[in-house]
There are 2 protein chains.
Amino acid sequence: MIDETSARERVVRAADELFYARGVQAVGMDAVRAAAGVSLKRIYALFASKDELIIAVLRHRTEIWDAGLASAAERATTARERILSIFDFLDAWFRQPDFRGCAFINTHGELGANSSAVADAVRVQKTAFQAYVARLVDELGAPPRLAPQLAILAEGAQTTAAIAGTPDAAHQARAAAETLLDAAVR
Amino acid sequence: MIDETSARERVVRAADELFYARGVQAVGMDAVRAAAGVSLKRIYALFASKDELIIAVLRHRTEIWDAGLASAAERATTARERILSIFDFLDAWFRQPDFRGCAFINTHGELGANSSAVADAVRVQKTAFQAYVARLVDELGAPPRLAPQLAILAEGAQTTAAIAGTPDAAHQARAAAETLLDAAVR
DNA sequence: TTGCGCGGAGAACGATCGTTCTCTACGATA
DNA sequence: TATCGTAGAGAACGATCGTTCTCCGCGCAA
């Protein structure tokens with residue numbers, strides 16, 4: 001294992017999958033080692049502690065989330081469609097068999113009280129999402145107060161779908177978003 | 001400690017506060033013992049395991065939540081006001097200094113993947129809330145599809161407020177709910 | 001070929017946790 | 001008063017976890 005970046009990436013990817021599927025505290029570093037195929041010694045050379053690995057995993061999740069959002073928006077031609085594409089993206093995500101809610105919300109609930117670094121990383125991600133929505137709302141020429149309302153719908157859909165175990169919340173939130181859009185831009 | 005029910009109540013209440021503040025897995029049974037003033041032996045006579053205690057705590061939280069919702073609704077005179085009182089209730093809750101998000105969402109994120117009993121208890125609570133909203137929507141004479149939309153707003157407000165650390169999401173969600181209500185009943 | 005340094009496998013260590021067990025004190029009953 | 005059962009305090013136990021350390025083998029320079 002000579003390639004530094006490849007080893008790091010394998011560790012982050014394996015940890016991400018395990019943390020998301022079972023929760024962070026339920027996964028030992030030895031399980032990460034086994035899944036990544038990287039020795040413990042090497043993992044601790046790449047990350048000073050499990051906490052640092054958790055932060056790296058959250059950053060990795062942010063990239064995946066951003067890429068998914070952007071990819072969904074690409075298929076849209078208008079600002080309104082780009083906003084609604086968020087909920088189509090959620091719908092596709094909720095239908096994946098390994099969907100288990102938003103990793104940021106889950107990790108925040110699990111560790112946010114004890115690790116301000118985790119809480120900060122989650123807050124950064126959610127703030128970035130709100131800014132993304134605000135940008136789309138601005139492009140649409142709708143009043144700015146619409147943006148947090150749409151973001152709240154997206155957040156609520158994620159926790160509702162995770163707990164219910166069904167993807168219904170995506171199209172319910174999308175319908176609500178359409179109503180809010182209709183009322184905001186006339 | 002002769003009174004069975006009082007000891008049980010003290011354990012549940014102490015565990016609830018600790019679990020909510022620090023997360024379930026971060027709180028050892030010895031911390032519960034110290035906070036409740038009930039010996040470990042007695043705790044394990046009342047609850048077969050920590051898992052059982054967790055379930056009891058979730059049930060206790062359900063009672064608190066239901067009572068809070070009902071109390072907020074009492075001050076309302078119309079069905080529309082009763083619906084909006086949900087968001088006033090959330091606003092008051094978000095402003096409490098020890099607010100740390102929805103205990104059900106947090107616990108589900110932490111343990112839902114490993115304990116189907118926990119996942120079930122959380123799902124039961126969320127389903128009951130959705131049924132409550134559906135009842136109010138029915139009283140209002142609005143189309144039933146409005147109910148899950150309002151419930152999603154409430155869920156989203158809870159996670160948004162918890163992560164952001166501000167109570168803003170409550171009135172943002174309330175404003176969205178008003179728009180949805182206006183559009184649904186004309 | 002020989003010595004050296006790096007990396008992997010996994011044992012080891014100290015801490016913590018859920019759960020049980022031991023010991024002691026006390027209150028009620030005959 | 002003597003005895004028995006119960007309850008509390010906390011030690012003990014086995015498991016697990018994060019982190020470090022030891023040992024061994026392999027590739028490379030002189």
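Proteins get letters first, then strands, A, B, ... in listed order; numbering begins at 1 in each. Worth knowing before you read on, the calculation uses all heavy atoms, side chains too, and leaves out hydrogens, waters and symmetry mates.
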**OP:** Return the set of residues passing ring pair (Phe, Tyr, Trp, His ring centres under 6.0 Å) with A:Phe94 (not counting sequence neighbours), or none when no residue passes.
**Re:** A:Phe99
Subject >> All side chain to side chain contact (heavy atoms under 4.5 Å, CB included) counterparts of B:Asp138, not counting sequence neighbours >> reply: none
Original post:
Tell me, which of residues 108-119 of chain A have any heavy atom that sits under 4.0 Å from an atom in DNA chain C?
Top reply: none
Subject >> Side-chain (A:Glu155) to main-chain (B:Glu155) donor-acceptor, under 3.5 angstrom >> reply: no
Distance-only donor-acceptor hits, side chain of residues 80-88 of chain A, under 3.5 Å, sequence neighbours excluded:
unit_1  : atom_1 : unit_2   : atom_2 : d
A:Arg80 : NH1    : A:Asp182 : OD1    : 3.0
A:Arg80 : NH2    : A:Asp182 : OD1    : 3.1
A:Glu81 : OE1    : A:Thr77  : N      : 2.9
A:Glu81 : OE1    : A:Thr77  : OG1    : 3.0
A:Arg82 : NH2    : A:Glu139 : OE1    : 3.0
A:Ser85 : OG     : A:Arg82  : O      : 2.6
A:Asp88 : OD1    : A:Arg174 : NH1    : 2.7
A:Asp88 : OD2    : A:Arg174 : NH1    : 2.8

**OP:** Rounded to the nearest angstrom, tell me the gap between atom NZ in B:Lys41 and atom C1' in D:dA9.
**Re:** 10 Å
**OP:** Round to the nearest Å and state the distance from B:Ile43 atom CD1 to D:dG10 atom C1'.
**Re:** 13 Å
**OP:** Take atom CZ of A:Arg42 and atom P of D:dT20, then tell me their distance rounded to the nearest Å.
**Re:** 17 Å
I'd like a table of donor-acceptor pairs (distance under 3.5 Å, sequence neighbours excluded) in which one partner is a side-chain atom from residues 63-73 of chain B, with atom names and distances.
none

Subject >> Contact state string [nucleotides 11-19 of chain C, B base, S sugar-phosphate only, - no protein heavy atom under 4.0 Å] >> reply: -------SB
Subject >> With sequence neighbours excluded, residues passing side-chain hydrogen bond (donor to acceptor under 3.5 Å, both in side chains) with B:Glu17 >> reply: none
Subject >> A:Tyr44: partners by ring pair (Phe, Tyr, Trp, His ring centres under 6.0 Å), with sequence neighbours left out >> reply: none
Original post:
Taking CZ from B:Arg33 and C1' from D:dA7, how many angstroms apart are they, rounded to a whole number?
Top reply: 14 Å
Subject >> Inter- and intrachain pairs under salt bridge (charged side-chain N to carboxylate O under 4.0 Å, His left out), touching residues 51-62 of chain A, at least two apart >> reply: A:Asp16-A:Arg61
